[in-house]
2 protein chains.
Amino acid sequence: MESEILELESFLPYRLYRLADVVSREFSKIYRDRHGLTRPEWRTLSGLGQHGTMTATALGEQSAMHKTKVSRAVAELERRRWLTRTADEHDRRVERLALTKAGLAAYREMVPLAKAFERELLERLSAEERAAIASGVAALEEALEEKS
Amino acid sequence: MESEILELESFLPYRLYRLADVVSREFSKIYRDRHGLTRPEWRTLSGLGQHGTMTATALGEQSAMHKTKVSRAVAELERRRWLTRTADEHDRRVERLALTKAGLAAYREMVPLAKAFERELLERLSAEERAAIASGVAALEEALEEKS
DNA sequence: TTTCGATGGTTACAAATGAAACCAAGTTGG
DNA sequence: CCAACTTGGTTTCATTTGTAACCATCGAAA
């Protein structure tokens, strides 16, 4: 028979959320303290740094952001002159986004910090634990994609 | 030599966050659709259902919520008459929170749904994958506790 | 062509959040 | 005893977020 109480500390949705929250909060210091970026702004910068030129829609898909978040992040980065918009020739609804020199410089500065952050986090785990989190997360990602 | 670009899709903080976001969003339908609860309200209900009587501070610790979230969630549940506050005899700053019959009924109704949600999520994984996510998450939790 | 639905993106509004100030009640050290 | 500090909890204010409505453009079908 199943117990009628739920142990929150063991409940996977709660544990995942809390874990992500702590990690994300810690990591956010890197882009918040140095440049005062928000998470959507960081993700936008990161997406464009990684891919060169993207549309707002593509950014939203790549980094799992609602389009209003993308819109506002892009507006802010444009205000900072970290990115530019260029009208697409074939479809005038679309704008092609790309980092400016300044945006790229900020991105290049942050990439090593991000990698160091991840490395230091994983270094606290044993090799087996690292393998476990990697395959566990991958499995869950896959399971969730299928469903929806 | 390390690449100077960062692949967001492989970056652990991002993956964790997205995973938690999807899972949490999916799960939230259970308490949102049925009762119009927010996440802090659900966690408060869950904490009290699990522990019987708690203070607001204890709730915040157990469920990783900022005290303002707790305060607001408690106020709302009180408004619904799902919980009551009782003054602590020994320390008049403290209030002892407990679910009413109605609160407990809602809790009891939701527990099986929560468990079913978790079960169905995990059922999509193989036994090895389930073990992997369990030990990976536990290892990360531990690693993060130590540090701070 | 004109119309109609879908798509790219922005804006307006309401709700949720976090930080900091706050109030009250406790504790501690002189 | 009483000032200074801490703790439990609430409130205020600015920021962030999500939903929905919106505008413009596109593609397809009549």
Side-chain angles (χ1 to χ4, degrees), chain A residues 17-18 20-22 24-29 31-33 35-44 47-48 53-79 83-98, chain B residues 17-18 20-22 24-29 31-33 35-45 47-48 53-80 83-98:
Chain A
Y17 194 93
R18 195 186 48 179
D21 195 52
V22 172
S24 175
R25 214 176 275 277
E26 193 66 31
F27 177 60
S28 75
K29 289 180 188 159
Y31 50 76
R32 194 165 46 70
D33 291 355
H35 296 293
L37 293 177
T38 63
R39 185 166 43 225
E41 286 155 21
W42 150 252
R43 286 193 187 169
T44 299
L48 293 175
T53 295
M54 299 177 83
T55 67
T57 302
L59 262 172
E61 280 163 11
Q62 196 225 353
S63 53
M65 293 191 290
H66 188 90
K67 59 187 189 165
T68 61
K69 275 191 188 172
V70 175
S71 175
R72 297 189 254 241
V74 166
E76 169 59 21
L77 294 186
E78 184 186 32
R79 201 193 57 71
L83 67 75
T84 55
R85 316 186 194 224
T86 317
D88 184 288
E89 303 167 20
H90 304 300
D91 186 341
R92 284 189 301 172
R93 293 169 303 180
V94 174
E95 29 196 37
R96 323 194 71 234
L97 307 167
Chain B
Y17 195 93
R18 195 187 48 182
D21 196 53
V22 172
S24 175
R25 216 177 274 278
E26 194 65 32
F27 177 59
S28 75
K29 289 179 189 160
Y31 50 78
R32 196 167 44 70
D33 291 354
H35 295 293
L37 294 178
T38 63
R39 185 166 45 224
E41 285 155 20
W42 150 251
R43 285 192 186 170
T44 299
L45 183 70
L48 293 176
T53 295
M54 299 176 84
T55 67
T57 302
L59 263 171
E61 280 162 10
Q62 198 224 350
S63 54
M65 295 192 289
H66 188 89
K67 58 185 188 167
T68 62
K69 276 192 189 170
V70 176
S71 174
R72 295 189 256 241
V74 166
E76 169 60 20
L77 294 186
E78 184 185 32
R79 200 193 59 69
R80 291 182 183 225
L83 68 74
T84 54
R85 317 186 194 223
T86 317
D88 185 288
E89 304 169 19
H90 303 301
D91 186 341
R92 286 190 299 174
R93 293 169 306 181
V94 174
E95 29 195 37
R96 323 194 73 231
L97 306 167

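Below, chains carry the letters A, B, ... as their sequence lines are ordered, and counting in each starts from 1.
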Under the rule for salt bridge (charged side-chain N to carboxylate O under 4.0 Å, His left out), what residues qualify as partners of A:Arg39, not counting sequence neighbours?
none
Just jot down the side chain to side chain contact (heavy atoms under 4.5 Å, CB included) partners of [X], sequence neighbours excluded, or say none.
X: A:Arg32; answer: A:Ser28, A:Lys29
X: B:Asp91; answer: B:Asp88, B:Arg93, B:Val94
X: B:Thr38; answer: B:Pro40, B:Glu41

Of all of residues 55-65 of chain B, which get a heavy atom below 4.0 angstrom from DNA chain D, listed by number?
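Output list: B:Thr55, B:Ala56, B:Thr57.
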Looking at B:Lys69, does any N or O in its side chain come under 4.0 Å of the phosphate oxygens OP1/OP2 on C:dG18?
yes
Quick one: list whatever passes ring pair (Phe, Tyr, Trp, His ring centres under 6.0 Å) with A:Tyr31, sequence neighbours left out.
A:Phe27, A:Trp42
Set of ring pair (Phe, Tyr, Trp, His ring centres under 6.0 Å) partners for A:His35, sequence neighbours left out:
A:Trp82
Give, for atom [atom1] of [X] and atom [atom2] of [Y], the distance between the pair rounded to the nearest 0.5 Å.
X: B:Leu48; Y: B:Arg96; atom1: CG; atom2: CZ; result: 11.5 Å
X: B:Leu97; Y: B:Leu77; atom1: CG; atom2: CG; result: 9.5 Å
X: A:Met65; Y: A:Ser71; atom1: CE; atom2: OG; result: 10.5 Å

How long is the line joining [atom1] of [X] and [atom2] of [N], in whole Å?
X: B:Leu37; N: C:dA16; atom1: CG; atom2: P; value: 11 Å
X: B:His66; N: C:dA16; atom1: NE2; atom2: C1'; value: 13 Å
X: B:Lys67; N: C:dA19; atom1: NZ; atom2: P; value: 12 Å

Earliest and latest nucleotide of DNA chain D, 5' to 3', sitting under 4.0 Å from a non-hydrogen atom of chain B?
D:dT7 to D:dG18
Contact nearer the 5' end of DNA chain D, comparing B:Asp21 with B:Arg85
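So the residue in question is B:Arg85.
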Assign each of A:Pro40 and B:Arg96 to its nearest nucleotide of DNA chain D by heavy atoms, then name whichever residue's nucleotide is nearer the 5' end.
B:Arg96
Indicate, with a heavy-atom threshold strictly under 4.0 Å, whether B:Arg25 touches base, sugar-phosphate, or nothing.
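Here B:Arg25 touches the backbone only, sparing every base.
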Contact list (N/O, under 3.5 angstrom) for nucleotides 23-28 of chain C vs protein:
{"from": "C:dG26", "atom 1": "OP1", "to": "B:Arg92", "atom 2": "N", "distance (Å)": "2.7"}

Please list all pairs meeting salt bridge (charged side-chain N to carboxylate O under 4.0 Å, His left out) that have one or both residues in residues 67-78 of chain B, counting only residues at least two apart or in different chains.
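Checked against salt bridge (charged side-chain N to carboxylate O under 4.0 Å, His left out) - neighbours excluded - the pairs reaching residues 67-78 of chain B are B:Glu76-B:Arg79, B:Glu76-B:Arg80, B:Glu78-B:Arg85.
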Acceptor/donor pairs from residues 54-63 of chain B side chains to any protein atom, 3.5 angstrom cut, sequence neighbours excluded:
{"from": "B:Thr55", "atom 1": "OG1", "to": "B:Ala58", "atom 2": "N", "distance (Å)": "3.1"}
{"from": "B:Gln62", "atom 1": "NE2", "to": "A:Glu9", "atom 2": "OE1", "distance (Å)": "3.4"}
{"from": "B:Gln62", "atom 1": "NE2", "to": "A:Glu9", "atom 2": "OE2", "distance (Å)": "3.4"}
{"from": "B:Gln62", "atom 1": "NE2", "to": "B:Gln50", "atom 2": "OE1", "distance (Å)": "3.1"}
{"from": "B:Ser63", "atom 1": "OG", "to": "B:Leu59", "atom 2": "O", "distance (Å)": "2.7"}

